[in-house]
**Q** 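Below is the structure I would like to discuss, written out as structure tokens.
All values reported here derive from a predicted model rather than from experimental measurement.
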Amino acid sequence: MDFIHFFFISALLFVIGVGGVILNRTNIVVVLMSLELALLSVSLNFIVFSVCLGDLMGQIFAIFILIIAACESSIGLAIILVYFRVRGSIRIDQASLLKS
């Protein structure tokens, strides 16, 4: 089995995720989705290295990363929901209320 393709896919997903965080500065939901994509690419990389090396620790770390990503997204979406109820918008560039 050729694992180099999985490494390239993981690197591509990570670059897309980081690029989405850096380039999109208007919608917080898209930023959160890009962050989740980067975390999933890291967990894919852990799983591929675990299979290549025949070790189980990479798969355990991938499960921990998925748990942390699920907690982060649920807390982030709850904060976005409260912010939308208060401000009426979820645009990042209109978040000047948080700068005080």
Side-chain angles (χ1 to χ4, degrees):
M1 190 177 230
D2 195 17
F3 294 111
I4 195 73
H5 298 294
F6 291 111
F7 294 132
F8 284 137
I9 289 172
S10 177
L12 180 68
L13 289 175
F14 187 76
V15 167
I16 290 171
V18 170
V21 171
I22 291 173
L23 295 177
N24 188 2
R25 292 293 183 179
T26 58
N27 196 348
I28 189 77
V29 176
V30 175
V31 171
L32 280 176
M33 287 173 34
S34 299
L35 186 63
E36 293 295 322
L37 187 65
L39 286 174
L40 286 175
S41 70
V42 169
S43 67
L44 176 68
N45 208 5
F46 272 123
I47 290 172
V48 170
F49 272 116
S50 174
V51 170
C52 282
L53 298 175
D55 193 14
L56 195 60
M57 290 302 291
Q59 295 174 12
I60 293 171
F61 278 124
I63 290 173
F64 283 141
I65 288 173
L66 292 176
I67 290 170
I68 297 298
C71 294
E72 176 260 333
S73 65
S74 65
I75 290 171
L77 289 175
I79 291 171
I80 290 171
L81 182 66
V82 170
Y83 182 76
F84 180 74
R85 286 183 182 170
V86 170
R87 297 285 295 195
S89 174
I90 55 172
R91 293 178 55 95
I92 295 176
D93 54 354
Q94 295 177 351
S96 62
L97 177 68
L98 300 175
K99 292 182 181 178
S100 64

**Q** Per the side chain to side chain donor-acceptor pair (under 3.5 Å) rule, what does the pair list look like for residues 3-24, sequence neighbours excluded?
**A**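 Every side chain to side chain donor-acceptor pair (under 3.5 Å) pair that includes a residue of residues 3-24, provided the two are not neighbours, is D2-H5, N24-T26.
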**Q** Going by side chain to side chain contact (heavy atoms under 4.5 Å, CB included), name the residues that satisfy it together with L23, two or more places apart in sequence or in a different chain.
**A**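 Listed in chain order: nothing, the list is empty.
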**Q** Could you list all the ring-ring contact (aromatic ring centres under 6.0 Å, His included) pairs where at least one residue sits in residues 9-36, not counting sequence neighbours?
**A**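 Found none.
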**Q** For S89, check side-chain hydrogen bond (donor to acceptor under 3.5 Å, both in side chains) against everything at least two apart and list the hits.
**A**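 Listed in chain order: Q94.
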**Q** Enumerate donor-acceptor pairs with a distance under 3.5 Å from any side-chain N or O in residues 66-82 to protein atoms, sequence neighbours excluded.
**A**
from, atom 1, to, atom 2, distance (Å)
S73, OG, A69, O, 3.2
S73, OG, A70, O, 3.0
S74, OG, A70, O, 3.3
S74, OG, C71, O, 2.9

**Q** Between OG of S34 and CG of L13, what distance do you get to the nearest 0.5 Å?
**A**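 Here the interatomic distance stands at 11.5 Å.
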**Q** Does I65 belong to the same Ile/Leu/Val/Met/Phe/Trp/Tyr cluster as I60, with side-chain heavy atoms less than 4.5 Å apart forming each link?
**A**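 Hydrophobic grouping puts I65 with I60.
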**Q** Donor-acceptor pairs under 3.5 angstrom involving side-chain atoms of residues 35-53: please list them, not counting sequence neighbours.
**A**
from, atom 1, to, atom 2, distance (Å)
S41, OG, A38, O, 2.7
S43, OG, L40, O, 2.8
S50, OG, D55, O, 2.2

**Q** How many angstroms lie between CZ in F64 and CD in Q59, if you round to the nearest 0.5 Å?
**A**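 Answer for the CZ-CD pair, F64 versus Q59, is 13.0 Å.
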**Q** Please say yes or no: joined through hydrophobic side-chain contacts below 4.5 Å, possibly via intermediate residues, are I22 and V31 part of one cluster?
**A**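 Not linked; separate clusters.
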**Q** For residues 20-45, pull every pair meeting ring-ring contact (aromatic ring centres under 6.0 Å, His included), keeping only residues two or more places apart or in separate chains.
**A**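 Counting only pairs at least two positions apart or across chains, no ring-ring contact (aromatic ring centres under 6.0 Å, His included) contact touches residues 20-45.
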**Q** Using side-chain contact (heavy atoms from CB on, under 4.5 Å), reason through V29 and M33 one step at a time and then give a plain yes or no.
**A** CA-CA 6 Å; V29 176; M33 287 173 34; 4.2 Å; yes
